2 protein chains.
Amino acid sequence: MRRKVTLKQIAKELDVSISTVSKSLRDSPEISEDTRLKVQAFAKLYNYKPNNIALSLKNKKTKTIGIIIPEIVHHFFATVISGIEQVANECGYNVIVCLSDESFDKEVINMEMLANGSTDGFIMSLSKETQQKKDFHHLQEVINQGMPVVLFDRISNDILCDKVIIDDQLAAYEATNFLISKGLKKIALLTTVDYVSVGKLRTDGYLNVLHDHGIEVDENLIIRIEDTEHCDEKINELLENQSIDAILAVNELFAVTALKLAMSKGIKIPEDLSVVAFTDGIISKYSTPTITTISQNGIKMGRKAAEMLIKRLELEDEEDEHYKTEIIETNLIIRESTKS
Amino acid sequence: MRRKVTLKQIAKELDVSISTVSKSLRDSPEISEDTRLKVQAFAKLYNYKPNNIALSLKNKKTKTIGIIIPEIVHHFFATVISGIEQVANECGYNVIVCLSDESFDKEVINMEMLANGSTDGFIMSLSKETQQKKDFHHLQEVINQGMPVVLFDRISNDILCDKVIIDDQLAAYEATNFLISKGLKKIALLTTVDYVSVGKLRTDGYLNVLHDHGIEVDENLIIRIEDTEHCDEKINELLENQSIDAILAVNELFAVTALKLAMSKGIKIPEDLSVVAFTDGIISKYSTPTITTISQNGIKMGRKAAEMLIKRLELEDEEDEHYKTEIIETNLIIRESTKS
DNA sequence: TTTCAACACGAAAACGTTTTCGAAAGGTTT
DNA sequence: AAACCTTTCGAAAACGTTTTCGTGTTGAAA
């Protein structure tokens with residue numbers, strides 16, 4: 001077993017000082033070509049690579065980005081990580097991933113853990129519990145210490161920092177509008193409880209478009225689902241008790257569940273019922289029938305978030321303080337679950 | 001903006017030495033209760049937390065695990081990460097994730113990057129290109145330096161280290177056997193090219209069970225799919241030209257594609273055609289009909305891999321050198337795509 | 001009064017870098 | 001021969017910890 005070689009060892013071996021070795025390897029003109037070449041050859045032979053930890057300590061920069069998300073087993077979040085990793089890689093950064101499991105406490109612990117020197121900045125999406133509690137002291141703390149933070153998707157207006165989102169409200173508006181344009185009137189909404197920021201916004205978009213078309217809002221058609229557990233039950237209830245033309249779901253899971261339940265009742269898709277879902281993930285693409293979705297380009301969100309963070313990191317202490325919120329455009333991807 | 005406070009600053013502020021501060025915070029008996037309490041109060045007030053980088057440098061331990069996988073936008077890999085993260089978290093470790101994008105070069109670069117002090121060990125699954133080239137010098141290098149490595153799923157026998165896999169061959173055997181037990185004879189296999197280790201093993205299991213039942217192997221029924229691009233095309237060819245009773249697919253994607261193509265041709269599932277797939281992911285659960293799968297418990301694999309790595313890390317230099325290969329059991333999850 | 005132990009604390013090294021500054025050696029100019 | 005410049009290198013500080021060892025003070029025992 002050959003342990004990693006350090007400057008000190010090279011110096012000792014060649015009988016020169018550590019400074020000479022360091023300078024030689026960085027091609028300093030201070031060093032004569034003789035010794036420079038000698039050191040470089042030796043270093044190459046022993047495959048010397050500077051120790052990242054020592055560099056981090058010296059430069060006070062780790063070149064790593066901390067990512068904190070609620071879940072990784074979620075296609076959307078996985079795509080965002082993928083996007084972040086792409087630009088991080090291009091810029092010589094590493095990413096260190098922590099999962100909050102939708103828990104406030106885990107989010108805080110992870111953040112404090114990483115904030116103690118492990119990362120230069122954060123990219124994160126808030127856990128449900130954090131959004132519910134509206135307690136952002138851990139974020140504020142980190143921001144106060146001068147570490148940049150970029151929030152995406154699940155954000156809060158109470159936190160001053162860069163953000164990347166889609167225009168949830170507009171997307172919901174347009175998707176619902178699409179359904180209305182097909183002559184559908186009784187449109188149900190499958191959404192989450194209101195404290196989830198995106199759920200709330202999507203609900204607002206839905207309400208607005210109904211209002212703009214003079215369609216009366218029927219509260220019975222708005223199903224707020226707290227946990228995935230009671231998803232089936234609540235949707236079943238809707239299908240049994242209400243006659244509806246279409247469904248707008250705030251995620252794929254609700255959509256595919258509704259779709260399967262409807263089909264099992266003999267309801268024809270899209271003839272009797274149209275379905276549109278947020279998040280263009282795996283399920284929509286491979287379900288039968290395939291589902292019309294609002295694409296939420298995770299890769300692009302991730303890339304954008306990483307770009308914003310790195311830009312701020314390399315800006316040094318310019319202290320722009322001028323935080324931006326980037327909106328990633330969405331597209332309606334029309335598939336088999338809606339009438340053409 | 002209040003930057004992070006250090007021992008030195010506290011020392012200066014309280015007019016004591018750095019050592020005194022450090023010892024006070026670690027409750028050393030060397031320090032009088034007076035100063036100890038004073039220092040602790042001050043530290044708490046200024047929310048002092050030791051700097052991880054400095055600790056890493058001193059202890060020569062980073063308490064982070066490097067994960068290198070081909071892709072993250074793959075449900076299976078996402079679940080493995082999730083499993084790793086669980087035990088890592090329990091043991092006070094962080095995980096730093098790098099993606100190889102199935103590229104040998106990226107795998108090497110990422111590995112060298114992380115090996116220079118950033119992590120204490122690695123958990124990884126080989127990229128396709130690496131498996132094809134059979135070039136493992138980067139892994140060997142790291143192992144020689146004394147960093148533990150745990151391979152999962154896509155492994156190689158040429159590398160001596162801990163491993164976590166499922167018994168791909170046995171699982172394929174049993175799944176095919178299940179199909180045969182339902183009276184099905186003409187069973188097609190949708191697999192990958194042979195250099196992907198798991199593809200090869202699953203193919204072997206398929207071949208063995210046919211042999212054991214005295215069923216002649218028809219090479220026309222074995223479809224080796226290189227890239228997802230020509231997936232449709234090749235499967236279509238199979239369905240057009242051969243009459244088959246069942247399909248065993250080495251992943252969900254092949255299975256759902258076959259399923260959809262078959263249905264579009266009026267073939268009834270499972271009456272006319274049964275389908276079984278490896279990897280119990282999202283697609284199988286939500287496709288219509290739902291797909292019978294061989295569960296490949298990613299969480300459990302991740303947890304096991306992390307446990308093995310951490311055990312070796314904490315073992316210090318015991319140098320067991322006795323590498324283990326853990327087999328995670330699989331289950332056949334019977335759903336609608338196979339006759340009952 | 002001397003000696004010794006206990007107590008409380010500080011100096012310094014170590015981890016592996018980079019960088020600033022100083023200095024020795026050699027050569028060149030007056 | 002004196003003064004000065006250039007070349008080439010090394011010592012040391014710095015990043016933030018922890019830990020070993022040394023040291024000064026105090027009080028008690030001899």
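Here is the naming used below: chain letters follow the sequence lines, and residue numbers restart at 1 for every chain. Worth saying up front: this structure is predicted, and the values here are computed from it rather than measured.
Nucleic acid contact class of Ser32(A) (heavy atoms, under 4.0 Å, all strands): sugar-phosphate only. Residue Lys58(B) is in base contact, counting any heavy-atom pair closer than 4.0 Å across all strands shown. Contacts of Thr35(B) with the nucleic acid, taken as non-hydrogen atoms under 4.0 Å apart, involve only primed sugar atoms and P, OP1 or OP2. Among the atoms of the strands shown, base atoms are found under 4.0 Å from some heavy atom of Leu7(B).
The nearest whole Å value for the distance from the CG atom in Asp27(A) to the C1' atom in dC9(D) is 17 Å. Here dC15(D) presents its C1' atom at 15 Å from CG of Asn52(B), a figure rounded to the nearest Å. The nearest whole Å value for the distance from the CG atom in Asn116(B) to the C1' atom in dC15(C) is 16 Å. Leu57(B) places its CG atom 9 Å from the C1' atom of dA14(C), with the value rounded to the nearest Å. In this entry the distance linking NZ of Lys12(B) with C1' of dG10(C) reads 18 Å, nearest Å. With rounding to whole Å, Lys23(A) atom NZ is found 9 Å from dG10(D) atom P. Residue Ile53(B) contributes atom CD1, which lies 14 Å from atom P of dT18(D) at whole-angstrom precision. Remark: P of dC15(C) and NZ of Lys8(A) are 4 Å apart, rounded to the nearest angstrom.
Phosphate proximity of dT19(D) to Arg26(B): present, with a side-chain N or O under 4.0 Å from OP1 or OP2. Taking side-chain N and O atoms only, Ser22(A) has a distance below 4.0 Å to OP1 or OP2 of dT18(C). Remark: Ser19(B) is not in phosphate contact with dT19(D), judged by side-chain N or O atoms under 4.0 Å from OP1 or OP2. Checking the phosphate oxygens (OP1, OP2) of dG16(C), a side-chain nitrogen or oxygen of Lys60(B) falls inside 4.0 Å.
Heavy-atom minimum distance, Pro148(B) versus Asp120(B): CD-O, 3.4 Å.
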* To do: Apply the test side-chain hydrogen bond (donor to acceptor under 3.5 Å, both in side chains) to residues Ser103(B) and Ser100(B): give CA-CA distance (whole Å), side-chain angles for both, the deciding distance (0.1 Å), then the verdict.
  => CA-CA 5 Å; Ser103(B) 144; Ser100(B) 65; over 6 Å; no
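For Thr6(B), the listed nucleotide lying nearest its side chain is dG16(D); candidates were dT17(C), dG16(D), dC9(D). For Glu30(A), taking side-chain heavy atoms from C-beta onward, the closest of the listed nucleotides dT20(D), dC15(D), dT20(C) is dT20(C). Comparing dT17(D), dT18(C), dG16(C) against the side chain of Leu55(A) picks out dT18(C) as the nearest.
Looking at heavy atoms from C-beta onward, Asp135(B) lies out of side-chain contact with Thr130(B) at the 4.5 angstrom threshold. In this structure, the side chains of Val39(B) and Leu14(B) come closer than 4.5 Å at one or more pairs of heavy atoms.
For Asp34(B), the CG atom counts as loosely surrounded, since its 6.0 Å shell holds 12 or fewer non-hydrogen atoms of other residues, nucleotides or ligands.
Of the two residues contacting DNA chain C, namely Tyr48(A) and Val21(B), the nearest-nucleotide position lying further toward the 5' end is that of Val21(B).
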